[in-house]
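Since we're looking at a predicted model, the values are computed, not measured.
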Amino acid sequence: MSEIFSPHRLGLLIRNDAIADYRSLLIISATLAGIILILAMLSRGSSSENDYFYLLLYIGILLTWGPISSSRSFKELHDKTANEAYLLLPASTLEKMIARLLSVTVIFMGYLLVFMSLTSAVIESLNSLLFGKNNQWFHPLDVMEWSLFGHYLVIQSLYFLGAAWFRKTHFIKTTLAITIACIGLAVLTLVIVRFVLVPSFDDLELSIDSLYALYNGVIDVTEISLITLYFVGLPVLCWSVAWLRVRETQVSDGV
């Protein structure tokens with residue numbers, strides 16, 4: 001059996017995490033179900049709005065609950081009073097990182113799809129019985145759009161890295177870092193457009209369509225490259241750095 005990676009050890013780690021966190025999961029799920037019930041009972045929107053009621057709730061929960069969970073992936077690793085048990089787990093750093101990564105990506109997304117499906121079925125059956133109206137049930141296959149899950153993986157990877165990098169207030173610090181990075185990127189883009197592109201374009205008096213026609217090949221290649229970097233490069237980079245950070249922390253704090 002490999003000392004670096006073993007599917008059996010990985011499965012045991014995931015099971016161990018599930019046993020440790022199932023109470024919190026049940027409490028959060030029950031709270032969300034209650035909130036959804038109240039919103040569904042109060043819903044008096046048009047037919048078109050009712051069709052997207054659960055889809056919008058699903059997107060909101062996915063992009064809120066998911067990052068919060070990701071930001072807490074390594075909470076015990078940074079806790080000096082509780083990290084001994086985690087450090088002494090008979091598993092490699094890679095296995096520990098993959099176990100937490102699978103928990104907040106594949107397992108979380110699958111659980112949320114099942115949760116929303118069952119919750120909508122129960123609530124809308126009750127809604128129809130009491131009020132004679134109901135919203136469109138949540139259908140998991142309707143939201144299986146790769147773009148949605150792709151964006152979630154990107155956001156999740158940033159908070160997963162924040163969980164490994166920061167020692168306290170992981171969610172807040174990661175959100176602040178993302179905000180600063182976005183502002184810096186926006187300022188850099190404006191500077192490049194204003195001082196590099198705009199002067200020559202004003203002189204030539206070229207329209208946007210003419211510019212695209214002139215540089216369409218470069219623009220298309222750049223767009224594909226940026227999309228690939230966003231959906232593939234950024235998550236892989238964040239996960240890799242998170243693994244290195246967890247390994248460094250485990251070595252420096254090892255007991």
Side-chain angles (χ1 to χ4, degrees), residues 14 25 28-29 32 35-36 39 48-49 51-75 97-120 135-166 169-190 219-243 245-246:
I14 295 175
L25 180 65
I28 294 173
S29 299
L32 287 175
I35 295 174
I36 295 172
L39 294 176
S48 60
E49 291 175 341
D51 290 343
Y52 295 101
F53 178 76
Y54 285 101
L55 176 59
L56 294 177
L57 282 177
Y58 171 79
I59 295 174
I61 294 173
L62 176 68
L63 298 181
T64 303
W65 189 5
I68 292 175
S69 297
S70 296
S71 69
R72 294 173 54 83
S73 296
F74 302 105
K75 58 183 182 300
M97 193 277 291
I98 293 178
R100 296 296 168 86
L101 179 59
L102 290 176
S103 296
V104 295
T105 53
V106 178
I107 297 176
F108 173 76
M109 289 188 292
Y111 173 79
L112 190 56
L113 287 173
V114 174
F115 168 77
M116 288 297 295
S117 299
L118 295 178
T119 301
S120 70
N135 300 295
Q136 178 68 45
W137 287 26
F138 179 80
H139 299 290
L141 296 180
D142 292 344
V143 298
M144 294 301 253
E145 300 178 7
W146 290 109
S147 60
L148 174 62
F149 293 125
H151 289 301
Y152 170 72
L153 288 178
V154 172
I155 297 172
Q156 175 276 330
S157 67
L158 294 172
Y159 283 92
F160 190 78
L161 174 57
W165 193 270
F166 300 114
T169 58
H170 312 90
F171 182 80
I172 295 176
K173 290 181 179 178
T174 305
T175 301
L176 180 60
I178 294 174
T179 302
I180 294 175
C182 289
I183 293 175
L185 183 61
V187 171
L188 178 62
T189 302
L190 290 175
I219 293 175
D220 291 340
V221 172
T222 302
E223 181 181 4
I224 294 174
S225 300
L226 291 176
I227 291 175
T228 303
L229 287 174
Y230 175 77
F231 285 111
V232 180
L234 183 57
V236 172
L237 176 63
C238 289
W239 296 332
S240 300
V241 176
W243 168 64
R245 178 63 173 174
V246 171

Residue pair Phe138, Phe53: steps toward the ring pair (Phe, Tyr, Trp, His ring centres under 6.0 Å) verdict | CA-CA 8 Å; Phe138 179 80; Phe53 178 76; over 10 Å; no
Between Ser120 (side chain) and Trp137 (backbone), is there a donor-acceptor pair under 3.5 Å?
-> no
Neighbour count above 12 (heavy atom, 6.0 Å) for Trp165 CH2 | no
Atom pair CD1/CG of Ile59 and Leu112 - distance to nearest 0.5 Å = 11.0 Å
Any side-chain heavy-atom pair from Val104 and Tyr159 closer than 4.5 angstrom?
-> no
Sorted by chain and number, sequence neighbours left out, side-chain contact (heavy atoms from CB on, under 4.5 Å) with Val106 holds for Leu102
Rounded to the nearest 0.5 Å, what's the gap from CZ on Phe74 to CZ on Arg245? Could you check?
-> 11.5 Å
Pair Tyr54-Met116, side chain to side chain contact (heavy atoms under 4.5 Å, CB included): steps then yes or no | CA-CA 8 Å; Tyr54 285 101; Met116 288 297 295; 3.9 Å; yes
Output for pair (Leu56 CG, Leu39 CG), nearest 0.5 Å, gives 11.5 Å
Evaluation steps, side chain to side chain contact (heavy atoms under 4.5 Å, CB included), between Ile61 and Ile36 | CA-CA 11 Å; Ile61 294 173; Ile36 295 172; 4.1 Å; yes
Can you tell if the side chain of Gln156 reaches within under 4.5 Å of the side chain of Trp239, non-hydrogen atoms only?
-> yes
Counting distance only, does the side-chain N/O of Thr174 pair as donor-acceptor with the main-chain N or O of Phe171 below 3.5 Å?
-> no
What's the spacing between Ser240 OG and Leu161 CG if we round to 0.5 Å?
-> 10.0 Å
How far apart are the C-alpha atoms of Phe108 and Leu62, what are their side-chain angles, what is the distance that settles it, and do they pass the side chain to side chain contact (heavy atoms under 4.5 Å, CB included) test?
-> CA-CA 9 Å; Phe108 173 76; Leu62 176 68; 3.8 Å; yes
For residues Tyr111 and Ser29, is any side-chain donor paired with an opposing acceptor at under 3.5 Å?
-> yes
side-chain hydrogen bond (donor to acceptor under 3.5 Å, both in side chains): pairs with one or both residues in residues 64-73, sequence neighbours excluded = Trp65-Ser69
Got a second to check how far Phe115's CZ is from Ile28's CD1, nearest 0.5 Å?
-> 10.0 Å
Side chains of Val246 and Arg100 in contact at under 4.5 Å (non-hydrogen atoms) | no
Does the side chain of Phe149 reach to within under 4.5 Å of the side chain of Met109, using non-hydrogen atoms?
-> yes
Could you walk me through whether Met97 and Phe160 pass the side chain to side chain contact (heavy atoms under 4.5 Å, CB included) test, one step at a time?
-> CA-CA 10 Å; Met97 193 277 291; Phe160 190 78; 3.7 Å; yes
State the CG-CG distance between Leu226 and Leu234, to the nearest 0.5 angstrom.
-> 12.0 Å
Taking every heavy atom of Tyr152 against every heavy atom of Pro67, the minimum-distance pair comes out as CE1-CD, 4.3 Å
Would you mind reporting whether Leu148 and Tyr58 have side-chain heavy atoms less than 4.5 Å apart?
-> yes
Applied to residues 224-238, the side-chain hydrogen bond (donor to acceptor under 3.5 Å, both in side chains) test, sequence neighbours excluded, yields His151-Tyr230
Exercise: identify the closest heavy-atom pair between Ser157 and Cys238 | O-CB, 3.4 Å
